[in-house]
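What follows is a single structure, written as structure tokens, with notes after it.
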Amino acid sequence: MTSRNKQDGTKSIPGTLHVPEECRQVSEVLQRIGDKWTVLVVGELGGGPKRFSEIRRSLGSISQRMLTLTLRGLERDGLVTRTVFPTVPPRVDYELTKLGRSLLEPVNELGRWARQNQPVIQEARQKFDSAERHT
């Protein structure tokens, strides 16, 4: 249950609704979708199915192991499907599921927000760091 905060129009959750088990579950999901590589892989797969090597090439600095772990986690959580084609050598495609596609909009919006606000955040960090040095 949420309510509107009269000051700024944002939704807030009343403090009396804190349920530890729900917090743990939300935390697990946020760990998955808040991971740097997850965000980049989901964004990359937003354009359609891709092979492992295509994803790795497009992300540049990701290691083979990290991409494997990220894709396995996304598959486990139902965000990505892995399709093996019986060719020689075997071809494997990764694709967002319906649930994974539903994550594209918030991920893209978060990325847009981060790019838009990066200069302001950088300025705030510099002010904070400067003040810390003078105390």
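Nothing fancy with the numbering, it's 1 onward along the sequence.
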Quick one: side chains of residues 64-78, donor-acceptor pairs under 3.5 Å with protein atoms, not counting sequence neighbours, listed by atom name and distance.
unit_1, atom_1, unit_2, atom_2, d
Thr68, OG1, Gln64, O, 2.9
Thr70, OG1, Met66, O, 2.8
Asp77, OD2, Arg32, NE, 2.9

Listing, residues 40-53 side-chain donor-acceptor contacts under 3.5 Å, not counting sequence neighbours, or none:
unit_1, atom_1, unit_2, atom_2, d
Glu44, OE1, Ser58, OG, 3.3
Glu44, OE2, Ser58, OG, 3.3

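Looking at Asp93 and Arg91, a side-chain N of the basic residue comes within less than 4.0 Å of a carboxylate O on the acidic one, giving a salt bridge. A salt bridge does not link Glu54 to Arg57: none of the charged side-chain nitrogens sits closer than 4.0 Å to a carboxylate oxygen.
Two different hydrophobic clusters hold Ile121 and Phe128 under the rule that ILVMFWY side chains link at heavy-atom gaps under 4.5 Å. Cluster annotation: Val29 and Leu96 are assigned to the same hydrophobic cluster (Ile/Leu/Val/Met/Phe/Trp/Tyr, side-chain heavy-atom contacts under 4.5 Å, transitive). Residue Leu104 is not grouped with residue Leu110 when hydrophobic side chains (ILVMFWY) are merged at heavy-atom distances under 4.5 angstrom, including chains of intermediate members.
Separation of atoms CZ (Arg125) and OG (Ser130) is listed at 15.5 Å; rounding is to 0.5 Å. Annotation: the span from Glu22 atom CD to Gln25 atom CD amounts to 7.0 Å, rounded to 0.5 Å. Annotation: the span from Arg112 atom CZ to Arg115 atom CZ amounts to 8.5 Å, rounded to 0.5 Å.
Using a 4.5 Å heavy-atom cutoff, the side chains of Thr81 and Tyr94 are not in contact. Side-chain contact check for Val80 versus Thr97: every heavy-atom pair is 4.5 Å or farther apart. For the pair Trp37 and Ser61, the minimum side-chain heavy-atom distance is below 4.5 Å.
When the shell of 6.0 Å around CD of Glu105 is examined, it contains 12 or fewer heavy atoms from other residues, nucleotides or ligands.
No donor-acceptor distance shorter than 3.5 angstrom exists from the side chain of Asn117 to the backbone of Val120, with no hydrogens or angles considered.
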